[in-house]
Amino acid sequence: MRDTFTQVLRLGLAIVALALVLYWVDSAFLRDKRLPACVQEKLPPDRVCLDTVFLRWVGKVVWIDARSESDFELSHLLLQEKRMFPIRSGEFDKLFDEALDRLQQAAELGEPVVVFCTGACTAAEDIARRLKESDLVEAPIYVLEGGWDAIKRDGRLRY
């Protein structure tokens, strides 16, 4: 009986020691590389977390990819039913015209428009502002917090 207790005690101490080592590795090397969790309540009303998109509008979002053409060609969302459109600042008028029918239909179907670009870019804000200023898109327009990086990290969307 005493041998069993000693073995259990040793195993428990080994588990605690391993947990402490993992905690130290995480706090010393990994914590700064992790992006903070997106909290919808802390964002301005025109920005949205990816989790919020999935909770509120799963499968009912029109996505606007505001990244550069080279980033878009490298990888982009693979969505059906005309749910994703590339619209870049340099080609705004042409690409906007190509997406206009679907963007107008989004309002009728109660679908939001979510604009994204790479993590720290400002193109998404610019495109969202221009869409709102056009007065042709009545659907709510949001900028995705974390952009393309949040989409890649999450893994629920195919690209």
Side-chain angles (χ1 to χ4, degrees), residues 19 21-159:
V21 168
L22 291 175
Y23 175 78
W24 176 78
V25 168
D26 177 64
S27 62
F29 301 105
L30 303 175
R31 186 166 292 164
D32 293 338
K33 294 178 179 31
R34 239 182 290 145
L35 293 174
C38 185
V39 180
Q40 187 64 50
E41 293 75 28
K42 293 184 179 181
L43 295 178
D46 63 339
R47 296 187 74 84
V48 67
C49 296
L50 192 57
D51 283 341
T52 304
V53 170
F54 285 115
L55 289 173
R56 290 185 190 168
W57 311 298
V58 65
K60 295 184 177 188
V61 175
V62 177
W63 298 89
I64 302 296
D65 189 336
R67 297 177 302 147
S68 69
E69 185 174 5
S70 59
D71 285 345
F72 176 80
E73 293 300 326
L74 185 62
S75 62
H76 55 273
L77 294 179
L78 301 173
L79 301 174
Q80 300 172 349
E81 302 175 31
K82 292 275 195 182
R83 293 211 169 273
M84 203 283 305
F85 298 90
I87 299 180
R88 294 176 278 285
S89 294
E91 304 173 81
F92 181 83
D93 293 331
K94 175 184 172 254
L95 296 171
F96 176 68
D97 288 344
E98 291 174 9
L100 183 58
D101 288 341
R102 184 61 179 93
L103 291 171
Q104 289 175 329
Q105 185 183 31
E108 296 167 14
L109 298 173
E111 300 170 333
V113 175
V114 177
V115 185
F116 67 91
C117 59
T118 53
C121 81
T122 59
E125 288 87 0
D126 179 52
I127 297 299
R129 179 186 51 76
R130 291 175 76 175
L131 290 173
K132 290 174 187 175
E133 288 174 354
S134 75
D135 290 328
L136 296 172
V137 180
E138 294 180 15
I141 299 170
Y142 299 95
V143 172
L144 180 65
E145 185 71 17
W148 180 249
D149 298 336
I151 291 170
K152 286 191 319 185
R153 190 175 55 252
D154 183 87
R156 286 182 270 188
L157 292 169
R158 289 183 344 151
Y159 55 92

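Positions are given from 1 along the sequence.
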For Leu55, which residues count as a side chain to side chain contact (heavy atoms under 4.5 Å, CB included) partner, sequence neighbours excluded?
-> none
What residues form a side chain to side chain donor-acceptor pair (under 3.5 Å) with Thr122, not counting sequence neighbours?
-> none
Which residues share a ring pair (Phe, Tyr, Trp, His ring centres under 6.0 Å) with Phe92, sequence neighbours left out = Phe96
Asp154: partners by side chain to side chain contact (heavy atoms under 4.5 Å, CB included), with sequence neighbours left out = Leu50, Asp51, Phe54, Arg156
Sequence neighbours excluded, the answer for side chain to side chain donor-acceptor pair (under 3.5 Å) partners of Glu69 is none
List for me each residue that meets salt bridge (Lys or Arg N to Asp or Glu O under 4.0 Å) alongside Lys42, sequence neighbours excluded, and say none if there are none.
-> none
side-chain hydrogen bond (donor to acceptor under 3.5 Å, both in side chains) contacts in which one or both residues fall within residues 131-143, not counting sequence neighbours | Arg129-Glu133
Residues in side chain to side chain donor-acceptor pair (under 3.5 Å) with Glu91, at least two apart?
-> Arg88
Between Phe116 and Trp148, what is the ring plane arrangement, given parallel below 30°, perpendicular above 60°, and tilted in between?
-> parallel
With sequence neighbours excluded, tell me which residues meet side chain to side chain donor-acceptor pair (under 3.5 Å) with Gln40.
-> Thr52
Who pairs with Pro44 by side chain to side chain contact (heavy atoms under 4.5 Å, CB included), at least two apart in sequence or on another chain?
-> Asp46, Arg47
Distance, nearest 0.5 Å, that separates CZ of Arg102 from CE of Met84 | 12.5 Å
By salt bridge (Lys or Arg N to Asp or Glu O under 4.0 Å), which residues pair with Glu108, not counting sequence neighbours?
-> none
Who passes side chain to side chain contact (heavy atoms under 4.5 Å, CB included) against Ala139, sequence neighbours left out?
-> Ala106, Ala107, Val113, Val137
